[in-house]
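Here's the structure we're looking at; comments come further down.
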Amino acid sequence: MGQQFSWEEAGVAEEMDVAELQEWYKKFVVECPSGTLFMHEFKRFFRVADNEEANQYVEGMFRAFDKNGDNTIDFLEYVAALNLVLRGTLEHKLKWTFKIYDKDRNGCIDRVELLDIVEAIYKLKKACRMEVADKQDQLLTPEEVVDRIFLLVDENGDGQLSLDEFLKGARRDKWVMKMLQMDVNPSGWISQQRRKSAMF
(Lines give C-alpha, C1' and ligand atoms only; values in the text may rest on other atoms or scores of the structure.)
Protein backbone atom coordinates (compact mmCIF):
# COMPACT_ATOMS: atom_id res chain seq x y z
CA MET A 1 0.00 0.00 0.00
CA GLY A 2 1.13 3.55 -0.71
CA GLN A 3 1.63 6.27 1.84
CA GLN A 4 -1.51 8.10 2.91
CA PHE A 5 -2.28 11.42 4.57
CA SER A 6 -5.20 11.52 6.99
CA TRP A 7 -6.88 14.71 8.22
CA GLU A 8 -9.24 13.64 11.00
CA GLU A 9 -10.11 17.15 12.16
CA ALA A 10 -11.71 17.89 8.81
CA GLY A 11 -13.97 14.86 9.14
CA VAL A 12 -12.70 13.24 6.01
CA ALA A 13 -14.38 9.95 5.24
CA GLU A 14 -11.43 8.64 3.26
CA GLU A 15 -7.71 9.10 3.40
CA MET A 16 -5.80 11.14 0.90
CA ASP A 17 -3.24 9.52 -1.32
CA VAL A 18 0.26 11.04 -1.21
CA ALA A 19 0.19 11.59 -4.98
CA GLU A 20 -2.96 13.70 -4.58
CA LEU A 21 -1.34 15.58 -1.69
CA GLN A 22 1.72 16.29 -3.85
CA GLU A 23 -0.51 17.58 -6.65
CA TRP A 24 -2.28 19.93 -4.22
CA TYR A 25 1.10 21.11 -2.94
CA LYS A 26 2.29 21.94 -6.47
CA LYS A 27 -0.83 24.02 -7.08
CA PHE A 28 -0.51 25.68 -3.66
CA VAL A 29 3.11 26.68 -4.34
CA VAL A 30 2.16 28.11 -7.75
CA GLU A 31 -0.67 30.16 -6.20
CA CYS A 32 1.26 31.03 -3.02
CA PRO A 33 5.03 31.04 -3.62
CA SER A 34 5.54 32.48 -0.12
CA GLY A 35 4.09 29.31 1.41
CA THR A 36 1.10 31.11 2.88
CA LEU A 37 -2.17 32.30 1.44
CA PHE A 38 -3.24 35.83 2.39
CA MET A 39 -6.78 37.21 2.34
CA HIS A 40 -6.25 39.23 -0.86
CA GLU A 41 -4.91 36.12 -2.63
CA PHE A 42 -7.84 34.06 -1.35
CA LYS A 43 -10.27 36.65 -2.75
CA ARG A 44 -8.42 36.71 -6.06
CA PHE A 45 -8.66 32.90 -6.20
CA PHE A 46 -12.45 33.13 -5.97
CA ARG A 47 -12.65 36.23 -8.22
CA VAL A 48 -14.89 38.22 -5.89
CA ALA A 49 -13.13 41.59 -5.94
CA ASP A 50 -16.08 43.49 -7.44
CA ASN A 51 -18.86 41.78 -5.50
CA GLU A 52 -19.37 43.04 -1.92
CA GLU A 53 -21.71 40.19 -0.94
CA ALA A 54 -19.31 37.53 -2.23
CA ASN A 55 -16.42 39.38 -0.55
CA GLN A 56 -18.16 39.13 2.81
CA TYR A 57 -18.80 35.41 2.42
CA VAL A 58 -15.26 34.66 1.22
CA GLU A 59 -13.83 36.58 4.19
CA GLY A 60 -15.90 34.32 6.45
CA MET A 61 -14.59 31.25 4.63
CA PHE A 62 -11.04 32.51 5.06
CA ARG A 63 -11.52 33.01 8.81
CA ALA A 64 -13.00 29.52 9.14
CA PHE A 65 -10.05 27.96 7.28
CA ASP A 66 -7.46 29.98 9.24
CA LYS A 67 -7.38 27.53 12.17
CA ASN A 68 -4.62 29.28 14.15
CA GLY A 69 -5.96 32.81 13.57
CA ASP A 70 -2.74 34.25 12.12
CA ASN A 71 -4.57 35.83 9.13
CA THR A 72 -2.91 33.45 6.67
CA ILE A 73 -3.66 29.97 5.43
CA ASP A 74 -0.65 27.68 5.39
CA PHE A 75 -0.44 24.43 3.45
CA LEU A 76 -1.85 22.24 6.25
CA GLU A 77 -4.81 24.59 6.72
CA TYR A 78 -5.26 24.56 2.93
CA VAL A 79 -5.31 20.75 2.86
CA ALA A 80 -7.74 20.65 5.78
CA ALA A 81 -10.00 23.15 4.02
CA LEU A 82 -10.02 21.26 0.72
CA ASN A 83 -10.61 17.96 2.49
CA LEU A 84 -13.50 19.38 4.44
CA VAL A 85 -15.13 21.03 1.46
CA LEU A 86 -14.61 18.14 -0.94
CA ARG A 87 -14.94 15.11 1.37
CA GLY A 88 -16.13 16.18 4.81
CA THR A 89 -19.10 14.65 6.61
CA LEU A 90 -22.37 16.56 6.95
CA GLU A 91 -21.67 17.27 10.62
CA HIS A 92 -18.21 18.67 9.89
CA LYS A 93 -19.57 20.82 7.06
CA LEU A 94 -22.27 22.18 9.39
CA LYS A 95 -19.62 22.96 12.04
CA TRP A 96 -17.60 24.75 9.37
CA THR A 97 -20.69 26.71 8.28
CA PHE A 98 -21.28 27.64 11.94
CA LYS A 99 -17.74 29.08 12.11
CA ILE A 100 -18.42 31.22 9.05
CA TYR A 101 -21.64 32.57 10.55
CA ASP A 102 -20.05 33.20 13.98
CA LYS A 103 -18.15 36.31 12.90
CA ASP A 104 -17.05 37.41 16.37
CA ARG A 105 -15.99 33.83 17.26
CA ASN A 106 -17.81 33.86 20.60
CA GLY A 107 -19.33 30.39 20.07
CA CYS A 108 -22.85 31.66 19.31
CA ILE A 109 -24.62 33.15 16.32
CA ASP A 110 -26.83 36.13 17.05
CA ARG A 111 -29.50 37.60 14.79
CA VAL A 112 -27.20 40.28 13.36
CA GLU A 113 -24.51 37.75 12.39
CA LEU A 114 -27.06 35.43 10.80
CA LEU A 115 -28.80 38.29 9.00
CA ASP A 116 -25.49 39.57 7.57
CA ILE A 117 -24.70 36.18 6.07
CA VAL A 118 -28.27 35.48 4.92
CA GLU A 119 -28.40 38.88 3.17
CA ALA A 120 -25.07 38.26 1.45
CA ILE A 121 -26.04 34.80 0.30
CA TYR A 122 -29.56 35.94 -0.58
CA LYS A 123 -28.13 38.53 -2.96
CA LEU A 124 -25.82 35.93 -4.47
CA LYS A 125 -28.26 33.06 -4.86
CA LYS A 126 -31.82 34.23 -4.22
CA ALA A 127 -31.97 31.04 -2.13
CA CYS A 128 -34.46 32.10 0.53
CA ARG A 129 -37.57 30.30 -0.60
CA MET A 130 -40.17 28.48 1.45
CA GLU A 131 -42.71 25.95 0.25
CA VAL A 132 -46.25 27.05 1.02
CA ALA A 133 -49.46 25.03 1.16
CA ASP A 134 -50.24 25.32 -2.55
CA LYS A 135 -46.73 23.98 -3.37
CA GLN A 136 -45.57 27.22 -4.96
CA ASP A 137 -42.41 28.84 -3.72
CA GLN A 138 -42.76 32.06 -1.80
CA LEU A 139 -39.73 34.32 -1.71
CA LEU A 140 -38.89 35.30 1.86
CA THR A 141 -36.97 38.38 2.90
CA PRO A 142 -33.67 37.79 4.71
CA GLU A 143 -35.33 39.08 7.92
CA GLU A 144 -38.13 36.51 7.55
CA VAL A 145 -35.58 33.75 7.00
CA VAL A 146 -33.68 34.74 10.16
CA ASP A 147 -36.91 35.01 12.19
CA ARG A 148 -38.04 31.58 11.05
CA ILE A 149 -34.64 29.98 11.72
CA PHE A 150 -34.58 31.44 15.25
CA LEU A 151 -38.18 30.32 15.85
CA LEU A 152 -37.34 26.74 14.81
CA VAL A 153 -33.79 26.44 16.17
CA ASP A 154 -33.32 28.70 19.23
CA GLU A 155 -34.49 26.11 21.77
CA ASN A 156 -33.82 28.17 24.92
CA GLY A 157 -35.09 31.45 23.41
CA ASP A 158 -31.97 33.42 24.36
CA GLY A 159 -31.65 35.10 20.95
CA GLN A 160 -28.45 33.21 20.11
CA LEU A 161 -27.80 29.93 18.36
CA SER A 162 -25.28 27.67 20.02
CA LEU A 163 -23.41 25.08 17.97
CA ASP A 164 -25.60 22.36 19.50
CA GLU A 165 -28.82 24.21 18.58
CA PHE A 166 -27.45 24.87 15.10
CA LEU A 167 -26.65 21.18 14.49
CA LYS A 168 -29.90 19.87 16.00
CA GLY A 169 -32.01 22.40 14.11
CA ALA A 170 -30.40 21.53 10.79
CA ARG A 171 -30.96 17.80 11.36
CA ARG A 172 -34.54 18.25 12.55
CA ASP A 173 -35.96 20.42 9.76
CA LYS A 174 -35.22 20.14 6.01
CA TRP A 175 -35.95 23.81 5.36
CA VAL A 176 -33.61 24.86 8.18
CA MET A 177 -30.93 22.54 6.80
CA LYS A 178 -31.30 24.13 3.39
CA MET A 179 -31.14 27.65 4.83
CA LEU A 180 -28.20 26.96 7.17
CA GLN A 181 -26.26 25.34 4.36
CA MET A 182 -27.09 27.97 1.75
CA ASP A 183 -23.46 28.69 1.22
CA VAL A 184 -22.21 29.63 -2.20
CA ASN A 185 -21.00 26.08 -2.83
CA PRO A 186 -17.30 26.37 -2.02
CA SER A 187 -16.73 22.83 -3.29
CA GLY A 188 -18.09 23.94 -6.67
CA TRP A 189 -15.83 26.98 -6.68
CA ILE A 190 -12.80 24.94 -5.69
CA SER A 191 -13.52 22.25 -8.28
CA GLN A 192 -14.05 24.91 -10.94
CA GLN A 193 -10.78 26.63 -10.03
CA ARG A 194 -8.93 23.30 -10.09
CA ARG A 195 -10.32 22.55 -13.57
CA LYS A 196 -9.33 26.02 -14.84
CA SER A 197 -5.78 25.71 -13.49
CA ALA A 198 -5.47 22.25 -15.04
CA MET A 199 -6.29 23.77 -18.44
CA PHE A 200 -3.32 26.16 -18.32
Side-chain angles (χ1 to χ4, degrees), residues 7-14 46 48 51-67 80-192:
W7 197 265
E8 294 174 20
E9 185 177 318
V12 179
E14 57 189 82
F46 287 107
V48 297
N51 186 322
E52 182 57 38
E53 290 78 23
N55 254 310
Q56 184 179 5
Y57 187 83
V58 168
E59 287 173 9
M61 283 175 53
F62 184 89
R63 286 189 303 273
F65 290 152
D66 179 17
K67 296 272 187 198
L82 286 176
N83 263 324
L84 174 64
V85 170
L86 300 174
R87 298 180 179 146
T89 65
L90 174 62
E91 182 170 340
H92 284 88
K93 287 180 180 181
L94 283 170
K95 286 179 179 179
W96 176 79
T97 301
F98 183 88
K99 284 182 182 180
I100 292 175
Y101 287 24
D102 182 17
K103 287 179 165 182
D104 62 9
R105 297 182 180 193
N106 70 349
C108 293
I109 301 169
D110 61 31
R111 286 180 178 273
V112 173
E113 288 172 320
L114 186 57
L115 183 60
D116 284 348
I117 292 291
V118 170
E119 285 177 337
I121 294 169
Y122 185 85
K123 289 174 184 172
L124 288 171
K125 290 182 71 172
K126 301 291 185 204
C128 303
R129 294 186 179 271
M130 178 181 80
E131 280 191 28
V132 290
D134 63 1
K135 299 295 183 195
Q136 294 177 355
D137 281 348
Q138 173 186 350
L139 190 60
L140 300 176
T141 67
E143 292 82 4
E144 290 170 330
V145 170
V146 170
D147 288 346
R148 184 153 189 252
I149 288 173
F150 269 86
L151 179 70
L152 296 170
V153 178
D154 186 13
E155 292 176 348
N156 61 9
D158 67 353
Q160 296 188 344
L161 303 180
S162 67
L163 177 60
D164 188 52
E165 287 173 323
F166 188 86
L167 295 174
K168 283 181 184 174
R171 289 188 187 115
R172 191 173 49 236
D173 187 292
K174 287 182 181 181
W175 181 86
V176 170
M177 171 73 84
K178 181 181 174 186
M179 291 299 103
L180 293 179
Q181 282 197 303
M182 56 181 190
D183 58 24
V184 288
N185 190 10
S187 60
W189 278 357
I190 289 170
S191 297
Q192 183 181 26

Take E165 and N156 through the test side-chain contact (heavy atoms from CB on, under 4.5 Å) and record every step on the way to the result. CA-CA 9 Å; E165 287 173 323; N156 61 9; 3.2 Å; yes
Of V146, V153, L151, the one forming a side-chain contact (heavy atoms from CB on, under 4.5 Å) with I149 is V153
Over all heavy atoms of both residues, which pair between G107 and F98 is shortest? Give the atoms and the distance, please. O-CZ, 3.4 Å
Checking M177 against L94 for the side-chain contact (heavy atoms from CB on, under 4.5 Å) test, could you report, in this order, the C-alpha distance in whole Å, the side-chain angles of both residues, the deciding distance, and whether it holds? CA-CA 9 Å; M177 171 73 84; L94 283 170; 4.2 Å; yes
To the nearest 0.5 Å, what is the distance between CG on D102 and CG on L163? 9.5 Å
Looking at R63 and K103, what are the two nearest heavy atoms and their distance? NH2-CG, 3.8 Å
In short, C108 meets S162 closest at the heavy-atom pair SG-CA, 4.5 Å
Side-chain heavy-atom pair L152, R172 within 4.5 angstrom cut-off: no
Closest approach of L140 to W175 (non-hydrogen atoms, all atoms of both residues): CD1-CZ2, 3.7 Å
State whether the side chain of D154 and the backbone N or O of D158 hold a donor-acceptor pair below 3.5 Å, judged by distance alone. yes
Straight-line distance of I109 CD1 to F150 CZ, nearest 0.5 Å: 7.5 Å
NZ/K99 to CG/D66 distance, rounded to the nearest 0.5 angstrom? 10.5 Å
Determine the minimum heavy-atom distance between Y101 and I117, stating which atoms define it. CE1-CG2, 3.3 Å
Let me confirm one number: the CG-CD distance from L114 to E119, rounded to the nearest 0.5 Å. 10.0 Å
Could K95 and E91 be called an ion pair, given the rule that one side-chain N must be under 4.0 Å from one carboxylate O? yes
Side chains of E143 and V118 in contact at under 4.5 Å (non-hydrogen atoms): no
